[in-house]
Structures are given as C-alpha cells and as structure tokens.
Visitor: 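Got a structure for you, questions after.
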Amino acid sequence: MNVLIEMTALCLTRPAPGADAQALAAWYAAKARLHDHLAGLGGPDSARERELAAAAYRRALGVTVGEPV
C-alpha cells in the first residue's frame with residue numbers, strides 16, 4: 001500500500017453531506033484499511049492507529065445497518 005496515494009484518495013473522495021449509505025460505508029472501510037496498514041508498520045503511534053481503524057470499521061458497519069452517522 002502506498003500511504004500517500006491512499007491518503008490523497010481519501011481526501012479527494014470524502015463523501016459529501018447527504019451521500020448514500022453505500023458511499024459512506026465504502027469510504028469508512030477504506031479509511032479503516034489505511035489505519036490498519038499504518039498500525040501494522042509498528043512504531044509509537046501503532047496503538048492509536050489500531051483505535052482509529054476500529055472506529056472507522058464501526059462507522060462503516062453502522063452506516064450499513066442504518067445507525068446514525
């Protein structure tokens with residue numbers, strides 16, 4: 001994974017207000033994958049990256065089951 005490319009893609013594809021649930025869930029899933037990758041690299045921020053990944057996965061799942069975003 002190229003982190004800079006993935007970060008740029010997330011910035012450029014962030015869903016606009018009112019986006020459908022599928023677009024939101026896909027964006028949060030991509031964000032979670034990026035944070036998972038960063039956590040896997042280790043380092044002093046790996047625990048925080050794991051927390052961010054878990055939060056993004058929860059958000060993606062919440063969107064798909066209709067919970068408020």
Side-chain angles (χ1 to χ4, degrees):
M1 171 183 284
N2 183 314
V3 174
L4 290 177
I5 290 173
E6 296 300 320
M7 289 177 71
T8 301
L10 283 172
C11 289
L12 295 176
T13 62
R14 184 179 181 119
D20 65 23
Q22 185 177 6
L24 286 171
W27 189 83
Y28 279 111
K31 182 177 178 180
R33 286 190 299 273
L34 173 64
H35 286 295
D36 267 341
H37 175 76
L38 293 172
L41 296 176
D45 295 330
S46 62
R48 178 68 179 143
E49 291 296 337
R50 277 192 294 280
E51 291 171 6
L52 291 169
Y57 277 127
R58 284 192 304 272
R59 199 78 181 261
L61 181 59
V63 169
T64 59
V65 296
E67 294 176 3
V69 177

Visitor: Ignoring hydrogens, what is the shortest heavy-atom contact between Ala23 and Pro15? Give both atom names and the distance.
Guide: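 Heavy atoms of Ala23 and Pro15 come nearest at O-CG, 4.0 Å.
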
Visitor: To the nearest 0.5 Å, tell me how far Lys31 NZ sits from His35 NE2.
Guide: 5.0 Å

Visitor: Asp36 and Ala53: which non-hydrogen atoms are nearest, and at how many Å?
Guide: OD1-CB, 3.3 Å

Visitor: Which pairs count as salt bridge (Lys or Arg N to Asp or Glu O under 4.0 Å) when at least one residue sits in residues 38-54, sequence neighbours excluded?
Guide: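 Salt bridge (Lys or Arg N to Asp or Glu O under 4.0 Å) check on residues 38-54 returns Arg48-Glu51.
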
Visitor: Which atoms form the tightest heavy-atom contact between Ala60 and Ala29, and what is the distance?
Guide: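 Looking at all heavy atoms of both residues, the closest pair is CB-N, 3.9 Å.
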
Visitor: Mind checking whether Tyr28 and Met1 sit in one hydrophobic cluster, side chains of I, L, V, M, F, W, Y counted as touching below 4.5 Å?
Guide: yes

Visitor: List the atom pairs, with distances to 0.1 Å, where a side-chain N or O of residues 2-14 and a protein N or O form a donor-acceptor pair under 3.5 Å, not counting sequence neighbours.
Guide:
| unit_1 | atom_1 | unit_2 | atom_2 | d |
| --- | --- | --- | --- | --- |
| Asn2 | OD1 | Leu4 | N | 3.1 |
| Asn2 | OD1 | Ile5 | N | 3.1 |
| Thr8 | OG1 | Leu4 | O | 2.8 |
| Thr13 | OG1 | Ala9 | O | 2.6 |

